[in-house]
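As structure tokens, the structure follows; a few thoughts come after it.
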Protein chains: 2
Amino acid sequence: MNVTGHTSRPASIRDVAGAAGVSYQTVSRVINGHPSVKPSTRERVLAAIDELGFRRNATALALASGRSRAVTVLTANTTHHGYASILQGIEESARAASYTMAIGVLESAEEPAVAAAVQRAADAGGGLIVIAYDPAGVRALGAVPAGLPVVGVVETPAGRPDDDRPWVWTDDREAAYEATRHLLSLGHDTVHYVAIPSSTRRTSARTTGWRQALREAGAPEPRPMQGSWGPAGGYKAGLRLAKAPDVTAILCGNDDLALGVLRALHVSGRSVPDEVSVAGFDDAPHSAYLTPSLTTVRLDFTGLGRAAFALLHGVLEESAPIAPHPVSVPELVVRESSGPPPARD
Amino acid sequence: MNVTGHTSRPASIRDVAGAAGVSYQTVSRVINGHPSVKPSTRERVLAAIDELGFRRNATALALASGRSRAVTVLTANTTHHGYASILQGIEESARAASYTMAIGVLESAEEPAVAAAVQRAADAGGGLIVIAYDPAGVRALGAVPAGLPVVGVVETPAGRPDDDRPWVWTDDREAAYEATRHLLSLGHDTVHYVAIPSSTRRTSARTTGWRQALREAGAPEPRPMQGSWGPAGGYKAGLRLAKAPDVTAILCGNDDLALGVLRALHVSGRSVPDEVSVAGFDDAPHSAYLTPSLTTVRLDFTGLGRAAFALLHGVLEESAPIAPHPVSVPELVVRESSGPPPARD
DNA sequence: CTGAAAGCGCTTACAG
DNA sequence: CTGAAAGCGCTTACAG
């Protein structure tokens with residue numbers, strides 16, 4: 001059922017005007033909901049619009065009005081759970097607001113590549129959302145020219161470069177704090193940590209929360225292990241941790257890392273949770289179905305994406321409601337992978 | 001390092017023309033690489049462009065030329081492995097060709113909702129790629145108005161509605177055939193199948209390949225079980241299959257489904273692969289790290305996305321090379337989850 | 001309440 | 001090789 005059959009040029013407001021017997025300015029008034037149009041005229045125009053299958057040309061609208069109802073998201077990744085969910089949340093909200101959502105991937109964190117990506121995104125018109133969870137994203141956010149509407153999705157609001165761009169974040173520190181406390185409360189002497197890469201050189205919020213819980217408990221503070229984003233990094237770190245007999249609890253920077261750690265413990269002959277407890281971060285879709293199922297902290301990334309768009313929408317259109325900073329509360333999900341430490345000899 | 005400091009209006013070709021002491025048509029020639037421009041003039045214009053930080057306005061370009069260097073992808077999902085990888089492949093190629101990539105999610109398969117989504121995508125200008133792996137996608141592909149450049153990513157070229165739109169696909173039939181043969185060659189009497197939802201009412205290519213292998217081997221043909229896209233559906237189907245003692249081999253329509261099946265077998269006390277063998281489909285990132293690690297068939301979805309874009313690019317620009325239909329060969333990846341059936345009593 | 005003009009920033013013929 | 005005109009499909013003041 002193809003909307004209307006014309007393979008020819010789509011109808012313009014002039015065509016509609018002709019069909020309705022009015023000037024094209026009047027058509028413009030009707031499609032913009034301008035109040036001062038005689039009801040009978042409006043009827044005729046509406047009928048012509050319907051008959052010709054008229055749709056307002058978005059490109060012309062953007063050029064003439066200077067507004068484009070478009071958002072482009074700059075991100076270094078589109079498939080990891082957190083990133084993918086944020087993108088999903090943005091798309092939902094954008095669609096609801098009749099915005100178009102474009103994606104620009106930051107393939108490299110090199111300054112020239114990042115600058116080029118930002119340029120291309122700016123060229124598209126409309127607003128920008130940049131996911132600054134990694135060095136490429138952080139640089140991109142920093143390279144956005146002043147005056148361009150942008151909101152950042154950041155790892156932590158603390159220690160941000162001093163500017164007044166709006167941003168959103170999840171409380172990763174609190175989440176890591178809770179997960180670590182859970183593990184400690186089970187009786188473990190301490191908790192080891194396999195980190196995701198940090199967005200900056202500074203200590204990440206997750207690391208901070210983990211450390212805070214250890215300090216409060218007076219537990220020893222092992223060096224965090226540098227992981228990656230995927231299971232391969234977790235596997236590598238897990239193999240090393242498996243060799244240390246005193247390691248009984250491991251917190252991972254995300255669920256993919258935890259998956260790799262679980263696998264490494266398995267091939268090393270260490271059983272989970274009997275000998276070692278493992279907890280992840282994010283509650284990715286597969287985590288509940290692993291064996292052992294994974295204890296983790298659920299973060300509302302989709303909601304974060306929605307909040308980011310709401311903020312941008314507020315910047316772009318005065319009429320749009322400004323969303324408050326999101327305070328999505330992390331939720332600890334206890335499953336099979338965590339338990340009490342083994343009895344001491 | 002913000003490109004240039006002006007918060008004011010960006011430079012237009014008229015500004016550049018003024019700075020270079022030429023008419024703005026000459027500027028247009030220079031930025032379009034038109035040959036007939038005196039070298040010295042070109043130099044001056046280039047210098048002015050550089051000095052003013054001029055960037056050609058994409059919206060105006062699109063309106064004036066009628067071409068927009070934009071592709072919008074219509075899809076019912078953005079996070080499942082296959083969909084996400086296709087999106088990734090399209091984005092890569094689009095970026096390389098200086099195209100913008102927008103995403104429109106098909107939230108419902110209802111005809112009016114699909115038609116609205118197609119309209120919005122068409123309004124954006126540029127070309128369309130629709131992922132037709134599900135009813136919403138299939139309908140969207142069918143609802144694209146004639147004359148709009150579009151390529152479909154389809155489940156199978158067989159039985160498509162009779163039109164001449166270009167499309168790409170992977171050889172799912174062959175992949176399922178190989179996976180089933182692998183299981184049979186291990187000594188299983190037959191192979192049960194947990195299906196992903198089909199894009200149409202017809203039998204899917206994966207189901208066809210599975211059945212073909214069974215027939216060739218003279219094996220019994222159990223009814224395929226209807227799953228979903230995620231692990232929850234696999235879990236449900238797995239619980240039922242676990243109850244049948246004669247089930248020794250299970251092929252799943254994707255790796256997420258297989259994850260759920262593995263979990264169901266575990267909670268039912270059936271060990272993999274000693275009692276039951278399981279194989280998946282797609283080789284998702286986590287599959288190699290599961291315990292047992294998952295035997296699966298790897299499909300090149302990223303390459304499929306690249307091919308889809310190449311085809312669209314060819315339609316949009318005559319100069320662009322037309323890609324051949326992709327013949328990505330499915331690759332069987334044998335891991336721990338498949339093995340010989342248990343010895344008979 | 002409605003029409004005629006100018007302009008958004010470009011490109012595409014048309015002149016010279 | 002380069003400039004002046006018309007136009008892409010709209011919106012935004014300005015008139016009446």
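It should be emphasised that the depicted structure is a prediction, and the values quoted were computed from it without experimental measurement.
- Of the residues in residues 54-61 of chain A, those placing a heavy atom less than 4.0 Å from an atom of DNA chain D are A:Phe54, A:Arg55, A:Arg56, A:Asn57, A:Ala60, A:Leu61, in numerical order.
- Side-chain contact between B:Thr78 and A:Leu87 is absent, with no heavy atoms from C-beta onward closer than 4.5 Å.
- Nearest heavy atoms, A:Phe309 versus A:Ser93: CD2-CB, 3.5 Å.
- For A:Tyr83, the ring-ring contact (aromatic ring centres under 6.0 Å, His included) test picks out A:Tyr133, A:Trp229, with sequence neighbours left out.
- Where A:Tyr24 and A:Ser40 each meet DNA chain C at their nearest nucleotide, the meeting point lying more 5' is that of A:Ser40.
- Between B:Phe54 and B:Ile31, some side-chain heavy-atom pair lies under the 4.5 Å cut-off.
- B:Arg67 comes within 4.0 angstrom of sugar-phosphate atoms only, judged by non-hydrogen atoms across all strands, and of no base.
- DNA chain D lies under 4.0 Å from at least one heavy atom of each of the following residues of residues 26-34 of chain B: B:Thr26, B:Arg29.
- Residues B:Leu312 and B:Tyr99 have side chains not in contact (no heavy-atom distance under 4.5 Å, counting atoms from C-beta outward).
- As judged by a 4.0 angstrom heavy-atom cut-off over every strand, A:Ser12 is placed among residues touching the sugar-phosphate backbone only.
- In this structure, B:Pro10 and B:Asp15 have side chains that are not in contact, with every pair of non-hydrogen atoms separated by 4.5 Å or more.
- Here salt bridge (Lys or Arg N to Asp or Glu O under 4.0 Å) pairs that include residues 90-105 of chain B, with residues two or more places apart or in two chains, are A:Glu107-B:Arg95, B:Glu91-B:Arg95, B:Glu92-B:Arg306.
- Summary of the strand contacts: B:Ala64 and A:Ser36 both lie near DNA chain C, and taking for each the nucleotide with the nearest heavy atom, the more 5' one is attributed to A:Ser36.
- Residues B:Val315 and B:Pro166 are in side-chain contact: their nearest non-hydrogen atoms beyond the backbone lie under 4.5 Å apart.
- Note that OG of B:Ser85 is 12.5 Å distant from NE2 of B:His80, once rounded to the nearest 0.5 Å.
- In terms of position on DNA chain D, the residue among B:Pro35 and B:Leu63 whose nearest nucleotide sits closer to the 5' end is B:Pro35.
- The CG atom of A:Asn57 lies 8.5 Å from the CG atom of B:Asp123; values are rounded to the nearest 0.5 Å.
- Taking every heavy atom of both residues into account, B:Thr170 and B:Leu304 meet most closely at CG2-CD2, 3.7 Å.
- Partner of B:Thr41 under the side chain to side chain contact (heavy atoms under 4.5 Å, CB included) criterion, out of B:Thr26, B:Leu46, B:Val30: B:Thr26 alone.
- Stretches of at least 3 consecutive Watson-Crick or G-U wobble pairs, with each checked distance under 3.5 Å, appear in DNA chain C as C:1-3 with D:14-16, C:5-12 with D:5-12, C:14-16 with D:1-3.
- Ionic pairing of B:Glu110 and B:Arg139 is not present here: no N-O contact between side-chain nitrogen and carboxylate oxygen is shorter than 4.0 angstrom.
- Nucleotides of DNA chain C lying under 4.0 Å from heavy atoms of chain A occupy a range whose first and last members, 5' to 3', are C:dC1 to C:dG9.
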